[in-house]
Amino acid sequence: MGYRERVDEDYGLFGPGSVTWHVMGEPVLIVGGIRALLLQALHPRTMWGTAQNSELMDPSAAWARLARTVEFVRVRTYGTTAEVDRIGRRVRNLHSRLTGVDPRTGATFRVDEPENLLWVHLGEVDSYLDIARRAGVPLTTADADRFVDEQRRAAAVVGLDPADVPASVAEMRDYYAMMRGHIFACDEARAGLRRMFNPAVPRRMLPLKLAGPPLGTFIVSTLPRWARRMYGLPGLPTSDLAATLALKGLYRTSRVVPERYRYSPDARRARELTRAR
């Protein structure tokens with residue numbers, strides 16, 4: 001039985017007709033989520049604040065932390081207004097109590113400084129959009145700009161002022177051009193990159209460990225060339241081409257799978273509501 005749209009239904013931040021709902025349910029976007037973590041790690045204070053305050057550096061707890069991040073993205077994308085408000089308050093309250101120490105100067109900084117929050121936010125936006133477009137998810141140039149604009153609502157959930165957040169692909173590109181002189185791969189970021197090739201996984205998911213090296217190599221190749229070079233890795237155009245071809249192959253392969261298996265329950269509901277609309 002399909003979903004029938006009601007005028008008074010609460011769709012949260014987005015809803016039927018949004019580019020976010022069109023993009024975020026695609027299985028290939030899993031690559032974008034992991035790519036985002038590697039990109040976010042290149043902001044030293046963001047990485048230090050995370051490493052000093054979370055379970056990210058503890059292999060035994062890293063999987064649980066990743067699961068909580070996935071749940072946050074799920075609720076933010078598909079949850080009702082009340083659900084998004086609730087999870088947003090929890091995240092903002094947590095971040096407001098955390099500080100980090102810059103090992104270069106000994107200075108203490110707040111984890112929820114706007115610069116840190118903006119870097120993390122755009123790391124997600126850029127990664128999801130870049131992977132979707134390269135994989136072949138149908139998106140026009142206007143759709144891409146709408147996606148970036150829509151994600152300003154998500155930025156507000158973590159405490160950013162949407163007016164201070166890039167609202168188009170061009171503005172996001174300018175932001176990265178400006179930031180490149182202020183970021184680098186600190187020791188903690190490089191350690192995180194190495195762990196991706198030998199991931200700590202629950203016993204029931206041990207086969208994923210075997211997939212670590214090839215999967216890690218593939219995800220790294222989807223990063224911008226400048227980001228790969230910051231990690232001390234080759235930034236060759238041929239790697240970009242190979243990654244794009246692989247993404248297209250993954251997306252086309254996923255399209256063969258029936259929708260009831262291809263999409264999560266939330267993504268299936270979003271697609272049904274969009275069709276009904």
Side-chain angles (χ1 to χ4, degrees), residues 23-24 26-77 91 94-95 98 100 111-112 115-132 134-135 151 154-155 157-158 172 175-176 179-180 183-202 205 208-209 211-233 243 247 250:
V23 168
M24 291 298 292
E26 294 296 341
V28 74
L29 267 290
I30 294 172
V31 177
I34 304 174
R35 176 194 189 269
L37 296 175
L38 294 176
L39 190 56
Q40 290 162 346
L42 288 174
H43 189 292
R45 282 198 167 186
T46 296
M47 188 64 210
W48 290 325
T50 301
Q52 294 167 17
N53 287 285
S54 79
E55 299 165 326
L56 179 67
M57 310 306 282
D58 179 359
S60 65
W63 193 262
R65 183 186 184 279
L66 179 61
R68 290 194 296 272
T69 301
V70 171
E71 175 64 6
F72 173 75
V73 173
R74 183 193 72 80
V75 173
R76 188 185 64 193
T77 303
V91 168
L94 173 63
H95 288 170
L98 301 179
V111 166
D112 63 354
E115 180 180 321
N116 296 343
L117 296 179
L118 182 58
W119 177 261
V120 171
H121 168 73
L122 288 177
E124 279 192 64
V125 177
D126 179 78
S127 293
Y128 288 136
L129 183 59
D130 182 69
I131 295 302
R134 292 167 69 182
Q151 290 305 302
V157 175
V158 296
M172 186 166 64
Y175 168 83
Y176 276 109
M179 287 297 296
R180 280 170 58 179
I183 58 175
F184 61 89
C186 62
D187 291 342
E188 291 83 354
R190 292 175 184 271
L193 176 68
R194 289 193 295 271
R195 278 198 304 279
M196 192 175 66
F197 290 89
N198 184 29
V201 298
M205 304 180 75
L208 283 178
K209 211 170 185 68
L215 184 60
T217 300
F218 168 53
I219 292 173
V220 168
S221 71
T222 68
L223 286 168
R225 284 179 227 166
W226 56 262
R228 300 201 302 269
R229 292 181 181 124
M230 284 186 181
Y231 277 114
L233 301 170
L247 288 167
L250 281 174

Candidate pair Glu115 and His43, rule side-chain contact (heavy atoms from CB on, under 4.5 Å), full reasoning | CA-CA 10 Å; Glu115 180 180 321; His43 189 292; 2.7 Å; yes

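- A side-chain contact (heavy atoms from CB on, under 4.5 Å) with Val220 is found for one member of Leu215, Ile34, Leu233 and no other, namely Leu233.
- The side chain to side chain contact (heavy atoms under 4.5 Å, CB included) test applied to Arg229 returns Arg225, not counting sequence neighbours.
- Counting heavy atoms from C-beta outward, His95 and Asn116 have side chains that stay 4.5 Å or more apart.
- Contact record, Leu39 with Ala227: CD1-CB, 4.2 Å, taken as the closest heavy-atom pair.
- Of all heavy-atom pairs between Thr222 and Ile219, the closest is OG1-O, 2.6 Å.
- For Asp126 (side chain) and Leu122 (main-chain N/O), no donor-acceptor pair under 3.5 Å exists by modelled atom type.
- Ring centers of Tyr176 and Trp119: under 6.0 Å apart, within the cut-off.
- Of all non-hydrogen atoms in Ser221 and Arg134, the two that sit nearest each other are O-NH2, 4.3 Å.
- Listed here is the closest heavy atom pair of Thr77 and Val73: OG1-O, 2.7 Å.
- A heavy-atom distance below 4.5 Å is not found between the side chains of Thr50 and Gln40.
- Residues Leu129 and Val23 form no side-chain contact, since every pair of their non-hydrogen atoms from C-beta on lies 4.5 Å or further apart.
- Under the 4.5 Å side-chain criterion, counting only non-hydrogen atoms from C-beta, Leu247 is in contact with Ile131.
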Go through the steps for Trp226 and Leu42 under the test side-chain contact (heavy atoms from CB on, under 4.5 Å), then give the verdict.
-> CA-CA 11 Å; Trp226 56 262; Leu42 288 174; 4.2 Å; yes

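- Here the shortest heavy-atom pairing between Tyr231 and Ala189 reads CE2-O, 3.7 Å.
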Intermediate values then yes/no, side-chain contact (heavy atoms from CB on, under 4.5 Å), Leu98 and Asp112 | CA-CA 8 Å; Leu98 301 179; Asp112 63 354; over 6 Å; no

Decide side-chain contact (heavy atoms from CB on, under 4.5 Å) for Met196 and Leu38; before the verdict, give the C-alpha distance in whole Å, the side-chain angles of both, and the deciding distance to 0.1 Å.
-> CA-CA 10 Å; Met196 192 175 66; Leu38 294 176; 3.7 Å; yes

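- For Ile30, the CD1 atom is loosely surrounded, since the number of other residues' heavy atoms within 6.0 Å does not exceed 12.
- Arg45 places none of its side-chain heavy atoms less than 4.5 Å from the side chain of Cys186.
- Separation of atoms CE (Met230) and CZ (Arg190) is listed at 10.5 Å; rounding is to 0.5 Å.
- Residues satisfying the salt bridge (Lys or Arg N to Asp or Glu O under 4.0 Å) test with Arg76, not counting sequence neighbours, are Glu124.
- With rounding to the nearest 0.5 angstrom, the CG atom of Asp187 is 9.0 Å from the CH2 atom of Trp48.
- Looking at residues two or more places apart in sequence or on another chain, you find a side chain to side chain contact (heavy atoms under 4.5 Å, CB included) between Ala155 and His121, Leu160, Val165.
- Glu71 has no carboxylate O lying under 4.0 Å from a charged side-chain N of Arg68, or vice versa, which leaves the two without a salt bridge.
- Nearest heavy atom pair, residue Val158 against residue Leu117, reads O-CD1, 3.6 Å.
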